[in-house]
Amino acid sequence: MENFKIDVDADGVALVTFDVPGRTMNTLTASVIREVGEVVERIKTDAAIKGAVITSGKTTGFCAGADLGELGAQAPGGAGGSKEDALRATFDAAFALNKAFRALETCGKPVAAAINGLALGGGLEITLACHYRVVADAPKVQLGLPEAKVGLLPGAGGTQRLPRLMGVMAAAPYLLEGKSMKPAEALAAKVVHEVVAPDQVVEAAKTWVKTKGDPVAPWDKKDFKIPGGGPYTPGGAQVFIMGNAMLRKQTYGNYPAQMNILKAVYEGLQVPIDAALRIESRYFVKTMSSPQAKGMIRTLFLSMQELGKGSGRPAGVPHYDVKKVAVIGAGMMGAGIAYVQAMAGVETILIDTTQEAADKGKGYAQGLVDKAVKRGKMTAEKGAAILALIHPTADYDQVKGSDLVIEAVFENRDIKAEVTKKAEAQLAETAVFGSNTSTLPITGLAKASVRPANFIGIHFFSPVDKMGLVEIILGKETSPETLAKSIDYVLKIKKTPIVVNDSRGFYTSRCFGTFVQEGLEMLAEGIAPAIIDNVGRATGMPRGPLEMNDDVALDLSYKITEQTKKDLGDKYEERPFSPVVEKMVVELGRLGRKNGKGFYDYPTDGGAKRLWPGLSELVPVKTADADQALIEEIRTRLLYRQAVEAARCFEENVVTDPREADVGAILGWGFAPWTGGPISLIDGVGAARFVETCDQLAQKYGARFSPPQILRDMAAKGESFYGRFAAKAKAA
Ligand code: NAD
């Protein structure tokens with residue numbers, strides 16, 4: 001065996017050490033799954049073995065679960081084979097694991113798991129098939145089933161054993177939300193039996209095998225009862241009735257994984273464990289074969305991982321270790337950027353027009369650090385060391401020696417030009433100048449620079465400390481070296497970079513803008529605002545489009561429209577909603593959430609927001625009732641409008657890699673995660689069907705839905721985005 005080592009001690013306890021060669025962390029690869037069967041066979045048939053302890057040979061953890069790369073390739077529609085073949089292969093693989101773990105559980109000898117590090121997904125599930133679990137008491141140890149987070153179902157017994165151990169209600173957040181537990185929580189929930197010092201886990205597990213070793217799982221005993229009752233008991237039934245409603249409220253039925261997990265638990269808990277595991281495997285395959293699972297695994301796991309390693313970085317440029325960065329503009333964005341830099345150990349010069357304004361910017365980091373220290377998440381010394389890295393000042397001389405500058409002053413070309421000149425006067429020839437502009441084209445801003453090759457867009461999202469994405473924008477003259485250095489910087493501050501070409505609104509703001517605008521179009525058409533936002537939320541977007549308008553601020557939308565009007569001149573097309581927004585902003589002073597009144601009223605006492613009653617006078621409602629067909633159409637319009645814009649960005653070479661387009665959409669503006677991103681959405685529907693629907697929408701609602709040529713070509717050739725642009729992804 002290449003993944004397991006078995007050492008039998010003098011007492012006949014076999015220590016099975018799980019150690020996948022050549023990897024820093026154990027995962028359940030196909031070869032591991034095959035060998036689990038061999039391990040079980042040896043434990044069962046070797047008369048010298050009285051019982052076994054399973055542990056990991058890695059210092060990084062016990063096991064991180066399935067190999068999602070392998071699983072993704074097996075997903076029907078993935079690499080190679082017919083759909084039926086792939087489905088059968090998926091079922092066989094899923095059930096093989098269940099069979100192997102069940103064989104371990106019923107091998108007739110006591111088996112204990114010595115969990116010496118994190119155990120996630122299949123890594124936790126193998127321990128649940130052991131008769132006893134000992135966990136190391138260490139801060140990095142986590143136990144959990146994160147499958148639901150990437151659209152999957154825990155398919156190696158997790159949906160059956162966890163609720164049989166801790167009860168359905170208690171298991172629900174671990175199964176449905178992918179929450180993980182610390183050793184102490186696991187002990188309290190009776191998921192594990194002992195928590196001991198890290199160097200004692202194997203010994204404690206062996207002691208149990210030798211002294212108490214019981215080779216029968218609780219659910220294989222005659223008097224077994226599910227904690228809190230099964231689905232057929234009054235208490236248990238309540239949990240499912242409520243759980244179903246709550247799930248519907250949270251997911252709007254967009255996520256097959258969560259639905260299938262609940263079904264697997266409900267059906268599985270009514271039958272003995274062997275039948276239950278078959279039920280689980282069936283739901284596993286059903287979930288795996290959904291386009292949602294495929295899109296989510298690819299975007300939220302595989303692509304995130306690749307981008308997190310800097311897959312778009314030009315080769316051949318030496319690693320650029322950014323040690324000192326000047327952030328100019330200590331407002332909302334600059335203050336957040338200073339904080340994330342300091343957290344990553346980067347010395348930060350935080351500049352504003354006055355010392356007072358710069359100090360206020362540092363105050364933001366101070367607030368976050370104080371909170372972390374108060375909650376015990378950070379020591380006071382660590383907090384002080386982080387804050388000491390931020391130097392607030394109004395003096396540009398201090399920019400000297402910076403490896404990089406982030407400009408985050410007002411969104412105004414002249415001010416940005418002035419700041420560029422002042423900062424560059426202090427910079428070395430090799431330093432990078434990054435602008436955090438959200439709308440102004442980079443090539444234009446670079447005109448103020450004496451080194452346009454070093455000038456680039458480094459676009460953060462608000463709030464900077466919570467948002468994981470950074471959109472890097474190339475100006476016409478930006479050099480590959482500057483791009484490589486910028487990616488190194490973004491990775492150093494632990495954000496995920498995507499790289500796009502210059503365009504109005506770049507990629508993220510441009511596509512996101514279509515969502516909020518489509519909501520305004522609907523409002524102007526007379527669709528009731530409540531319908532627009534309810535359906536908007538039901539698409540899987542974080543909020544409805546009108547709510548989003550309020551959050552972004554209506555005066556900002558108004559300003560951007562006015563600027564666009566100026567820039568486009570005759571080409572600008574006035575929209576029916578423009579006068580509505582203008583009236584709200586200019587006449588009524590309704591600016592959105594920021595001043596407590598926009599499309600909604602925001603009570604000052606912090607109560608729930610309510611739609612502004614005056615809105616119906618400003619825009620008369622023509623459609624107050626929505627039938628299913630209208631709901632479907634609103635849903636399609638809101639999602640397809642964004643997706644067709646993303647496709648247009650490919651046509652115009654603004655984005656060039658489907659992985660960046662999908663990751664950028666979900667991380668940047670919260671595009672419905674169940675789709676795997678707008679490009680996965682189009683690929684899942686198929687270009688031909690997508691084009692057909694867009695043509696129909698264009699006829700009814702206008703050219704904004706017209707599919708770009710690239711989509712028509714793909715439809716004609718039966719291509720997908722991921723197929724067409726695969727070369728780039730592979731080359732990376
Ligand atoms: P803000 O108004 O909160 O902060 C701007 C800061 O720049 C102010 O503190 C101001 O005093 C300072 N400033 C102005 N002129 C200066 C000068 N000459 N030298 C030094 N400091 C100067 O604005 P913000 O929301 O932080 O936005 C800053 C930039 O980031 C803008 O370009 C904006 O488009 C962009 N951006 C904003 C967001 C967002 O959600 N707010 C998101 C991404 C990008």
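Just follow the structure's listing: the first ligand is 1, and inside any ligand the first atom is 1. No hydrogens, no waters, no symmetry mates; every other heavy atom, side chains included, goes into these values.
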Is the closest N or O pair between [X] and ligand 1 shorter than 3.5 Å?
| X | value |
| --- | --- |
| Asp352 | yes |
| Tyr396 | yes |
| Ser438 | yes |

Note the single closest protein heavy atom to [atom], along with its residue, its atom name and the distance in Å.
| atom | value |
| --- | --- |
| atom 39 (C) of ligand 1 | Met333 SD, 3.6 Å |
| atom 31 (C) of ligand 1 | Val409 O, 3.2 Å |
| atom 40 (O) of ligand 1 | Ser462 CB, 3.3 Å |
| atom 4 (O) of ligand 1 | Gly331 CA, 3.2 Å |
| atom 32 (O) of ligand 1 | Glu411 OE1, 2.5 Å |
| atom 3 (O) of ligand 1 | Met332 N, 3.0 Å |
| atom 17 (C) of ligand 1 | Thr353 CG2, 3.6 Å |
| atom 44 (C) of ligand 1 | Asn436 O, 3.1 Å |

Ignoring hydrogens and angles, tell me if any N or O in the side chain of [X] forms a donor-acceptor pair with the backbone of [Y] under 3.5 Å.
| X | Y | result |
| --- | --- | --- |
| Asn501 | Leu474 | no |
| Glu645 | Arg641 | no |
| Thr656 | Val654 | no |
| Lys421 | Lys416 | no |
| Asp488 | Tyr320 | yes |

Can you tell if the side chain of Thr564 reaches within under 4.5 Å of the side chain of Arg504, non-hydrogen atoms only?
->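 Answer yes - side chains close enough.
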More than 12 heavy atoms of other groups within 6.0 Å of Asp570 CG |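 Incorrect, the count does not exceed 12.
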Greater than 12 external heavy atoms within 6.0 Å of Lys360's NZ |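 12 or below, so no.
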Hey, which of Asp533, Leu618, Val581, Leu546 is the one that makes side chain to side chain contact (heavy atoms under 4.5 Å, CB included) with Leu523?
->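 Answer after filtering Asp533, Leu618, Val581, Leu546: Leu546.
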Looking at [X], which atoms of ligand 1 are within less than 4.0 Å of one of its heavy atoms?
| X | answer |
| --- | --- |
| His459 | 43 (C), 44 (C) |
| Thr437 | 32 (O) |
| Ile415 | 15 (N), 18 (N) |
| Lys416 | 31 (C), 32 (O) |
| Val419 | 17 (C), 18 (N), 19 (N) |

Hey, is Lys323 close enough to Asp403 for a salt bridge, meaning N to O under 4.0 Å?
->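 Looking at Lys323 and Asp403, the cut-off is not met.
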Could you tell me whether atom 23 (O) of ligand 1 has at least one protein heavy atom nearer than 4.0 Å?
->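 Not a single protein heavy atom is under 4.0 Å away.
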Among Glu518, Glu521, Glu525, the one residue meeting salt bridge (Lys or Arg N to Asp or Glu O under 4.0 Å) with Arg575 =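 It is Glu521, the one option of Glu518, Glu521, Glu525 that forms the salt bridge (Lys or Arg N to Asp or Glu O under 4.0 Å) with Arg575.
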Pick from Phe461, Phe515, Tyr507: which one makes a ring pair (Phe, Tyr, Trp, His ring centres under 6.0 Å) with Trp669?
->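 For Trp669, the ring pair (Phe, Tyr, Trp, His ring centres under 6.0 Å) test succeeds with only one of Phe461, Phe515, Tyr507, which is Tyr507.
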Is [X] touching ligand 1 with its side chain, its backbone, both, or neither, if touching means heavy atoms under 4.0 Å apart?
| X | value |
| --- | --- |
| Ile328 | side chain |
| Phe460 | backbone |
| Ala357 | neither |
| Leu440 | neither |

Start with the C-alpha distance between Tyr722 and Asp662, add both sets of side-chain angles, then the distance that settles side chain to side chain donor-acceptor pair (under 3.5 Å), and finish with yes or no.
-> CA-CA 11 Å; Tyr722 276 88; Asp662 277 345; 2.6 Å; yes
